[in-house]
Amino acid sequence: MAINSMTGYARVEGTHDSGDGAAQWQWSWEVKSVNGKGLDIRFRLPGGFDTLEIPARKLIGTKLGRGSLSVSLMLSRQTNSKALTVNRELIEQILDLQTTLEAEGKIYPSPPRLDSLLSVRGILETEEEPAQDPAQKDALIAALLSGLETVLKPLSEMRGEEGVHLGTMLTSHLDTLAGLSKAAKDTADLQPGQQRERMKQQIAEILEQSPPVSEERLGQELALLATKADIREEVDRLDAHVAACRDLVSAGGVIGRKLDFICQELNRESNTICSKAASLALTNIGLELKSTVEQFREQVQNVE
């Protein structure tokens with residue numbers, strides 16, 4: 001399996017015939033994805049389509065493992081024709097009123113103008129569209145879910161393409177960590193004299209304490225100093241963590257959380273190597289280890 005990024009974007013448009021020959025639905029799905037701790041989905045749906053969220057959320061859950069998603073649906077209905085009706089009863093009332101006012105001498109006789117009559121509110125009326133049949137709405141919901149599944153394909157492809165670049169960068173960082181781990185071991189092995197001098201100085205400080213320490217206490221302190229000066233265990237663990245990361249990157253899939261956990265262990269070993277460094281060279285290697293681990297961790301944050 002390949003590594004997937006959590007960053008992606010896709011938009012798909014489509015239409016759905018209502019089946020009554022009078023209207024057609026136009027829809028468009030837009031999905032934006034960024035990194036997240038889990039699978040966090042936020043929907044923006046048209047009014048009256050809130051029931052679409054539950055099956056849409058389930059569908060996305062079968063396609064994606066992690067990421068913060070913003071999912072928007074735009075929906076409009078295009079009718080082939082909207083019949084206009086004339087309110088003849090209202091026209092008759094207006095004409096009767098004009099006749100009455102003319103007879104009372106309150107207005108001068110004049111023929112009514114059609115444009116004046118049509119401008120009166122309520123004369124022209126648009127026939128209301130019939131309520132959508134439940135079966136038609138179910139068919140529309142199915143079409144919209146199919147459209148959502150369609151838009152998830154280019155989104156997944158984009159996340160996969162980004163994942164290829166991520167895999168290359170992660171492998172490069174792991175190579176650097178492996179090289180620094182070897183350099184740390186070689187540097188520590190080449191400088192036993194500095195470690196001995198440091199230990200002699202620390203032993204002298206212990207012996208100068210008043211009252212003098214017992215032989216048992218001195219033995220304990222010597223063992224502790226020897227342990228503190230030895231980084232072999234940290235280097236071995238560091239190598240093991242790097243190998244575990246390589247295995248995960250090679251296996252692919254939803255590995256982001258596992259890599260993030262191992263990053264904490266890599267950082268812990270790097271800090272310990274820095275604290276045990278007996279020379280400037282080893283200190284610099286430890287600092288470079290910490291920097292590389294941080295760069296690795298930053299890339300891991302976007303791995304699904």
Side-chain angles (χ1 to χ4, degrees), residues 1-14 16 25-76 137-138 140-171 173-174 241 244-245 247-268 293-304:
M1 295 177 66
I3 291 177
N4 290 322
S5 167
M6 287 187 280
T7 301
Y9 171 82
R11 188 175 188 274
V12 171
E13 299 178 351
H16 172 71
W25 292 92
Q26 293 183 339
W27 55 262
S28 66
W29 283 104
E30 184 178 76
V31 184
K32 300 176 184 178
S33 173
V34 295
N35 59 324
K37 292 183 178 180
L39 185 59
D40 179 25
I41 310 172
R42 296 180 299 279
F43 286 94
R44 292 181 59 187
L45 301 174
F49 286 84
D50 294 338
T51 56
L52 184 61
E53 179 173 339
I54 294 177
R57 190 177 294 275
K58 290 181 179 179
L59 175 60
I60 295 173
T62 63
K63 304 296 182 180
L64 305 175
R66 290 179 68 202
S68 179
L69 274 67
S70 175
V71 183
S72 300
L73 171 63
M74 287 169 280
L75 187 64
S76 62
K137 186 164 186 178
D138 290 343
L140 174 60
I141 293 292
L144 293 175
L145 288 174
S146 177
L148 176 60
E149 186 172 10
T150 299
V151 78
L152 291 177
K153 293 178 181 178
L155 177 72
S156 298
E157 290 173 358
M158 177 178 262
R159 286 164 55 118
E161 292 171 0
E162 290 292 325
V164 172
H165 298 299
L166 269 178
T168 300
M169 287 187 287
L170 292 175
T171 300
H173 289 317
L174 290 172
H241 296 326
C245 287
D247 290 341
L248 286 172
V249 172
S250 298
V254 183
I255 60 174
R257 287 184 175 177
K258 294 179 180 178
L259 286 175
D260 190 47
F261 174 77
I262 298 178
C263 282
Q264 300 176 36
E265 302 303 313
L266 289 170
N267 190 57
R268 182 178 291 109
V293 169
E294 180 59 25
Q295 294 173 29
F296 181 75
R297 189 195 67 82
E298 289 176 357
Q299 298 300 331
V300 165
Q301 300 309 304
N302 204 29
V303 177
E304 183 180 19

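Along the sequence shown, residues are numbered consecutively beginning with 1. Excluded from the calculations below are hydrogen atoms, water molecules and symmetry mates; all remaining heavy atoms, backbone and side chain alike, are included.
- Using a 4.5 Å heavy-atom threshold, the side chains of F49 and L144 count as touching.
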Worksheet item: Under the side-chain contact (heavy atoms from CB on, under 4.5 Å) criterion, do K63 and I60 qualify, and how do the steps go?
Response: CA-CA 5 Å; K63 304 296 182 180; I60 295 173; 5.8 Å; no
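- In R44, the CZ atom is not crowded: 12 or fewer heavy atoms of neighbouring residues, nucleotides or ligands sit closer than 6.0 Å.
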Worksheet item: Given M74 and R11, is the side-chain contact (heavy atoms from CB on, under 4.5 Å) satisfied, shown in steps?
Response: CA-CA 11 Å; M74 287 169 280; R11 188 175 188 274; 3.7 Å; yes
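- The salt bridge (Lys or Arg N to Asp or Glu O under 4.0 Å) check on R66 picks up nothing, with sequence neighbours excluded.
- Under the 3.5 Å distance criterion, the side-chain polar atoms of E304 are matched with a main-chain donor or acceptor of G65.
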Output side-chain donor-acceptor pairs under 3.5 Å for residues 255-264, partner residues at least two apart or in another chain, one line each.
residue	atom	partner	partner atom	Å
R257	NE	K37	O	3.0
R257	NH2	K37	O	2.7
D260	OD1	Q301	NE2	2.8

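- Between L148 and A56, the closest heavy-atom pair is CD2-CB, 3.5 Å.
- Once rounded to the nearest 0.5 Å, the distance linking OG of S146 with CH2 of W29 reads 11.0 Å.
- Considering V249, V254, T168 as possible partners of I3, the one that fulfils the side-chain contact (heavy atoms from CB on, under 4.5 Å) test is V249.
- The line from CG of L155 to OG1 of T150 is 12.5 Å long, rounded to the nearest 0.5 Å.
- Annotation: the span from L59 atom CG to L64 atom CG amounts to 9.0 Å, rounded to 0.5 Å.
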Fill in: salt bridge (charged side-chain N to carboxylate O under 4.0 Å, His left out) between E162 and R159, worked out
CA-CA 5 Å; E162 290 292 325; R159 286 164 55 118; over 6 Å; no
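- For the atom pair CG (L52) and CG (L45), the distance works out to 5.5 Å, reported to the nearest 0.5 Å.
- For A143 against H16, the heavy-atom pair with the smallest separation is CB-ND1, 3.6 Å.
- Shown here are the side chain to side chain contact (heavy atoms under 4.5 Å, CB included) partners of V34, two or more places apart in sequence or in another chain: S68.
- Here CH2 of W27 is found 9.0 Å from CG of L73. Values are rounded to the nearest 0.5 Å.
- L39 CG to L69 CG: the interatomic distance, rounded to the nearest 0.5 Å, is 6.5 Å.
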